[in-house]
Structures are given as C-alpha cells and as structure tokens.
Amino acid sequence: MKYIVAFCFLLMGSFASRLNAQLAAPIPVRAPLKQDIYLELPIGAIQPKGWLKEMLLRQKSGATGKLDELYPSVMGKRNGWLGGDGDQWERGPYWIDGLLPLAYILDDKNLIQKVKPWIEWAINSQQPDGYFGPSKDYTYEPGLQRDNSRDWWPKMVMLKVLKQYYMATGDKRVINLFTKYFQYQLKELPAKPLDHWTFWSRFRAADNLMVVYWLYNITGDRFLLELANLIHQQTFDFTNAFLHSDLLSRTGSIHGVNLAQGIKSPVIYYQQRQEPKYLDAFDKALTDLKKFNGTANGLYGGDEALHGNNPTQGAELCSAVELMFSLESALQITGRVAYADHLERIAFNALPSQTTEDHMEHQYFQQANQVMITRHNRNFDVNHNGTDICYGILMGYPCCTSNMHQGWPKFTQNLWYATADKGLAAFVYAASEVKTTVANHQAITIKETTDYPFEDRVAFEMHFDDHKSEITFPFHLRVPGWCKTATVTLNGEPYAQAEGGTLFKLYRKWKSGDKVVLQMPMHIFKDTWYENSISVERGPLVYALKIGEQETRVKNVKDPQQHGDSYLEIKPATPWNYGLNAVSAADFPKQFTVDQKAVGAYPWTAAAAPITLKTKGRRIPEWQLYNEMSGPIPYSIMYNEGIEKQKEAAITLIPYGCTRLRISQFPVVGR
C-alpha cells in the first residue's frame, strides 16, 4: 500500500511541477548574452488545434509512439541509454528528442511513461566526475552502433532532450546534471576535443552550445561562458566557410545533415559576441544553399553529401527536420521574417510528403521531381541497397527512422514566443491556443483560429483570467515575404496595413475578448530553379503536378533485418512529362484557376488536397524516364516547334505536401 501512495505522490508532484512550468514566465536572458531575443515558452503552454493537432495524434499512433515496438533491436531494453548492452550511440536519443515534446504537448500519460525510463536512466547515469550516458563499448553486432559510447555527439542530443524535459516539468535535477557535465566538458575538452572520438561533434556542436547558453541564463555561472568559447573554437568554422570559401558551391563538400545541424552555429554564437559577421554568414549560407543546391521544397540536394540542385537529387528526411530546428533557433535569436518564411516552406511542403498518412513509414530521400518510387539505385551520392525513396520503416539508413519525430512537435513549440518587451509574438501560423503570462506576469490565453496555409486569414482572440481587467502589452505579428500587403483588423474594424516581409507590432491596452484578424492575400507567382525550370507557388505552398498512382506493397525477402519486412512502391499511372506555357510575369497567374474546398482533419493527401490549381500544359515527348527517375530536365525556355505543336492538355496541380509522385519544377515551353 505504501508503494501505491508513494507512486500517487510522485504523479501528483510531476503534475504540479508541469503545471508550474507551464504558468511560469519564460527564462530571461542574462548579460552579456544578446538581450532582445524571443523567449521560448514552457512545453505545454502551446496547444495545437486543427490539422496540426491531427499530425501529432498520428505521430502518437504511428511510428513516433511505437518505435520501441517497430524497431526493438535498437529502441528496446538493450539500448545503452537504458543501461543495456545494445545500441550506445545517437538513435535512442534521436527518438526521444521527438517523443518527449510530443508526449508533453499532448499530455499523454502513456507516452510520458514511455519517455520516463530514458530520462531517469540518463540522470542517474551521471558519474562523480560529471560524465553521463553510456560509457562502455561492445563488440560489433549487425544493425547496432555499440562502440564510441563516450563520443561527445550522442550526449548533445540528450542535452536537448533533458532541456525539453525541464521545460515541461521544472525538474531541477536537470540543472544539477547540466552544471556538473559542463564542468566535466570544460576540464576534458582541451585534451579530448570535439572530434576526439568521431568527427560528427565538430560539425554539430551548436546543439551543445545552445544548451550551455540556456543553462547560463538560469544559473549565471560564469564558467559556462568560458566553456561556450571553447566549444565554439573546436567547432568547424562555419562562419569563415560560409563567408570565404566554396563550401556550398562545391559538390560533395559537406554531409547534408551536418550542414542542416551546423548551419545555425554562427547565429547561436552571435548571442555571446554580437558581431555582424555571424549573422552575415548565416544569411549568405541560406542564399548560397538555394543558389547552388536548392530545390522548390525548401531543401537541397544532399544525398548524403551536397549534390547540386537537380530536382532529381535526394533530400534526406534528417536534413528536413534539422534544418527546421536550425531555422527555429535562428528565428528565436533574431526575429527575422525570412527565417520563418523558409521554415514554413519546409514544414508545409517537404515534411508532410516524406511520411505516410498514418505516420508509420517514411522516405529516406525525397526528390522535388519524383515520378517513380521503386527499389532501385539512383544517381545519389550514397545508395542504401536501392531503398532510399521507398516508403518503409527502415528505408535508407536508420538515422531518419529515429530522428524524423522532432519535426512537428518542435514546429508546434515554435508557433509562439514571449518577447523581450513582455509581450507575445506569433511568427509561424497554425491553429493553436497559447497560455502564458505577459506584462507584469498577468495570465493570458490567446486562441488562434485558421486553416493556414490553405487559407489567408488568421484570427486571434484574447482571454484573461480576470475578464474585467485590461492589460497593456505588445503583440507581434509576422507578415510573410510572399505577401504584398496584409490587412489587420481589430474587433471587426480596420486597424492597419503592413507590407510583406515585415514584423507588425500592436502595442495597446487589451481587453478580454478582443479579436485581431490578420488577412494575408495569397497570389500565384513563380520562382526559377535548375535549368531555368519554374515552380508554381501561392502563399507558402508550392504546387506540383498531380500524377495518378499505382501503389504496390512489396514483401522484402532480400534483407528484412536491415530494411524491414516490407515497403511501398509507387509508379505513375498518368503522364508526368509536362511543361508549362511561356507567358509574361504579369500574365502568369492568369493561366491558373483556383479551386478550394473545406480543409479536412488531415489535408496532406492527393484526395484530400484543399486547393487545386487548374491550368494547361504541353507534353514533352523527349523528356522520359532515366534510371527510374524523370530524365534530364529540358532547359527553359524551350524553342522547339515540335513541342509547341503538341496539343495543350488540362492538368491539375495540388500542394506539394499532398503528393507522393510529382513534378514541382517545370520546364517552360513556347515563345
């Protein structure tokens, strides 16, 4: 009986600490770190609604909530992060880095209980010298990473996990563990630098650095700033590489996921040394990445190393979720609208297309022009037995099986920020509800109602605990760069207009029940890519050719232990080799008819697509399959009488995120 009582008190204490964490004010920034940043809200303060909540629920019932059952050899009890003799490296922490925020955002008791053993073991593993985590290597076993247990890199992922755990629960044991571990790092790094065991840490150390700064803002321990400088010195010099080298213009120069994780390094360090070069480096990296490697979905050719901007090159799922996190981190530090625009481009286009509807299976690589999903070795830098673009549990390499889960939970967590001027900021948009404090710690709830990105209207309604009170605070709203002019209304009356690419602030005395509506008219426009191909865009969404599908479930008899028992292949059932007619920029939108329907609970399938664009295209007979991909894309504009004489055909475009097969970068034909 006493154990039952003790367990009940433990649950009550956990609930109370979570409740306090949710209602507590955000952690303020200590000097000398940059003061005017946007502040993270406790996990649980932001609740998703609408289609975004459905995404999280599907993660819960899909691979995120069941990976220990689907991938027991790695995520089972033998995992080194549970004290076992199995996998000792990154995959376990990767999974929990997505599962933990999902569990606490949804307040799901079963998922929380699934997370707890990993947290408890990690905290209790700390040794007297401050080290924590697995510490013993084992001999090789197929499918497991059992050596390099003391490598700095896996601990960096677990630092992110434990930070999020603290944000959800307020468990002070995390602060104690971090303090001791960072003292250990300060002592050990001079003799055993970041690349002592493997090279991964040298490229990915920004994840370590950002937690050091986070702890400094809580404790004020000065040794943390010394450690931060040491970590920065041992990290690959992204600042110099972005500003003064050909890193991003040279094929094969850097691993795609190392880039997605490391690209934020300059802007993370900028918090400690506010020199313009660090922000300049980050901005130039994004510009060069698009120019030399970018594709319409917001990602880049990186399969595995950088591989140019041909739309048939692969983009790794790990790169998608890690680049999202890097953009979220940079957005919080700088408040720059362009970073939120890029974040939404990935989240609303690339991310939903790379997992199945039930969130059980995924692609390792995706292609911007993807017309044949089969088991086949393609023109990638690395092929994993031809499984890379099939949908399955263990396609490609298992890092993405483990790491894909952080995308939507962290996107949810970054919908809202507290501001340095004691207000609130809405930077990326999705239906949600936020509960926090503003002004002088006064409690507030804001309900955000929208079907964005499928509609252009976002409505906010203020609610105070004391409905008679009035609270003065600033409310920051982002106007995306694709929007020409946005309109803001207050309680049904016109309030202001704001230009695209700006941050609009409403500073006023608010009353409970006040309503703000941000209207961002969406127009059709184009962007230019590889071989002068074009993408068709409307608002934050890229549109792609809707292609008929022939789907086959394939039983894997070749290598089920390595790549799972089965996988999904999809072949085209309708033509895909269309070009769009050449027209002037002014006439480009006139080619399309926009059809809209109600947004369902899960809009990310071809059948459920809430918006379709109707237009006409011309078949390009010479553009055929090559190596089970769309062949070399014809250069645009094509002056070819044979093609121009091809009869126009009605074609339908749907949001990229609703596709599996697609053409999203079109050749242009005509005069």
Side-chain angles (χ1 to χ4, degrees), residues 58-59 61-75 91 142-143 303-304 312-318 320 350-405 544-576 602 604-608 624-631 657-663:
R58 291 185 183 223
Q59 281 195 245
S61 59
T64 307
K66 298 179 178 179
L67 200 59
D68 51 342
E69 304 167 34
L70 300 171
Y71 195 21
S73 62
V74 169
M75 302 306 177
R91 294 180 206 170
D303 50 26
E304 306 248 332
T312 57
Q313 295 312 141
E316 192 173 332
L317 181 51
C318 279
L351 187 58
S353 72
Q354 209 159 357
T355 56
T356 53
E357 188 176 349
D358 59 5
H359 216 274
M360 290 291 285
E361 298 177 304
H362 70 282
Q363 295 176 294
Y364 187 68
F365 295 143
Q366 67 169 290
Q367 299 168 300
N369 284 358
Q370 183 170 276
V371 299
M372 183 83 77
I373 298 175
T374 52
R375 182 165 186 174
H376 187 83
N377 286 324
R378 291 173 170 80
N379 295 28
F380 300 145
D381 172 56
V382 176
N383 283 272
H384 299 89
N385 300 316
T387 65
D388 297 278
I389 69 169
C390 297
Y391 288 96
I393 295 173
L394 290 172
M395 295 296 95
Y397 193 72
C399 56
C400 291
T401 300
S402 309
N403 192 27
M404 68 180 188
H405 314 281
L545 179 69
K546 184 178 182 180
I547 301 173
E549 297 180 352
Q550 178 184 342
E551 177 184 305
T552 305
R553 171 64 59 179
V554 179
K555 183 178 180 180
N556 185 12
V557 297
K558 182 179 179 181
D559 45 17
Q561 183 178 2
Q562 186 174 0
H563 293 297
D565 294 332
S566 70
Y567 53 88
L568 200 62
E569 290 192 335
I570 305 169
K571 298 179 181 179
T574 56
W576 54 265
Y602 187 85
W604 302 107
T605 66
Q624 295 292 325
L625 287 174
Y626 164 74
N627 203 19
E628 302 205 4
M629 307 181 296
S630 60
C658 301
T659 66
R660 296 186 295 185
L661 301 181
R662 60 183 161 262
I663 295 294

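Inter-residue side-chain proximity for Gln561 and Ser73 is flagged as unmet; no heavy-atom pair is nearer than 4.5 Å. Counting heavy atoms from C-beta outward, Thr574 and Lys546 have side chains that stay 4.5 Å or more apart. When side chains are defined from C-beta on, Thr401 does not count as touching Leu70, because their heavy atoms never get closer than 4.5 Å. Looking at heavy atoms from C-beta onward, Thr312 lies in side-chain contact with Ser630 at the 4.5 angstrom threshold. Two residues are said to be in side-chain contact when any heavy atoms from C-beta on lie closer than 4.5 Å; Asp565 and Pro560 meet this criterion. Contact of the Arg58 side chain with the Asp358 side chain is not registered, since no non-hydrogen atoms from C-beta on lie closer than 4.5 Å. By the 4.5 Å heavy-atom criterion applied to side chains, Cys399 and Glu316 are counted as neighbours. Between Leu394 and Tyr567, every side-chain heavy-atom pair lies at or beyond the 4.5 Å cut-off.
Separating the CG atom in Leu568 from the OG1 atom in Thr356 is a distance of 8.0 Å, to the nearest 0.5 Å. Once rounded to the nearest 0.5 Å, the distance linking NE2 of His359 with OG of Ser61 reads 9.5 Å. Atoms CE and CD1, from Met629 and Ile373 in turn, are 13.5 Å apart once rounded to the nearest 0.5 Å.
Between Lys571 and Glu551 there is no salt bridge, since none of the side-chain N atoms of the basic residue sits less than 4.0 Å from a carboxylate O of the acidic one.
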Exercise. Are Cys400 and His362 close enough, and set up right, to give a side chain to side chain contact (heavy atoms under 4.5 Å, CB included), and what steps lead you there?
Worked result: CA-CA 8 Å; Cys400 291; His362 70 282; 4.0 Å; yes
Problem set entry | Steps toward side chain to side chain contact (heavy atoms under 4.5 Å, CB included) verdict (Gln366, Ser353) | CA-CA 8 Å; Gln366 67 169 290; Ser353 72; 3.4 Å; yes
Problem set entry | Stepwise side chain to side chain donor-acceptor pair (under 3.5 Å) test for Asn385 and Thr387 | CA-CA 6 Å; Asn385 300 316; Thr387 65; over 6 Å; no
Problem set entry | Test side chain to side chain contact (heavy atoms under 4.5 Å, CB included) applied to Val371 and Ile663, step by step | CA-CA 7 Å; Val371 299; Ile663 295 294; 3.7 Å; yes
For this session: Check the pair Asn383 / Asp303 against side chain to side chain contact (heavy atoms under 4.5 Å, CB included), numbers first and verdict last.
Result: CA-CA 8 Å; Asn383 283 272; Asp303 50 26; over 6 Å; no
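Of all heavy-atom pairs between Gln550 and Ala573, the closest is N-CB, 4.4 Å. When every heavy atom of Trp576 is checked against every heavy atom of Gly631, the shortest pair comes out as CH2-N, 4.2 Å. Across Gly314 and Phe365, no two heavy atoms sit closer than the pair CA-CB, 3.9 Å. Across every non-hydrogen atom of Met404 and Ala63, the tightest pair is CE-CB, 3.9 Å. Closest approach of Gly386 and Cys390 over heavy atoms only: O-SG, 4.5 Å. Taking every heavy atom of both residues into account, Met372 and Leu625 meet most closely at CE-CD1, 3.4 Å.
Annotation: cation-pi geometry not satisfied between Arg378 and Tyr364 (NZ/CZ under 6.0 angstrom from ring centroid, within 45° of ring axis).
For Asp388 (side chain) and Gly396 (main-chain N/O), no donor-acceptor pair under 3.5 Å exists by modelled atom type. Under the 3.5 Å distance criterion, the side-chain polar atoms of Thr605 are matched with a main-chain donor or acceptor of Ala608.
Glu569 and Thr374 share no side-chain donor-acceptor pair at under 3.5 Å.
For Asn556, the side-chain hydrogen bond (donor to acceptor under 3.5 Å, both in side chains) criterion is met by Arg375, Asp559, not counting sequence neighbours. Every residue was checked against the ring-ring contact (aromatic ring centres under 6.0 Å, His included) condition with Tyr391, not counting sequence neighbours, and none meets it.
Among Gln370, Glu549, Gln354, Glu357, the single residue meeting the side-chain hydrogen bond (donor to acceptor under 3.5 Å, both in side chains) criterion with Arg660 is Glu549.
For residues 360-369, the pairs satisfying salt bridge (Lys or Arg N to Asp or Glu O under 4.0 Å) are Glu361-Arg553, with sequence neighbours left out.
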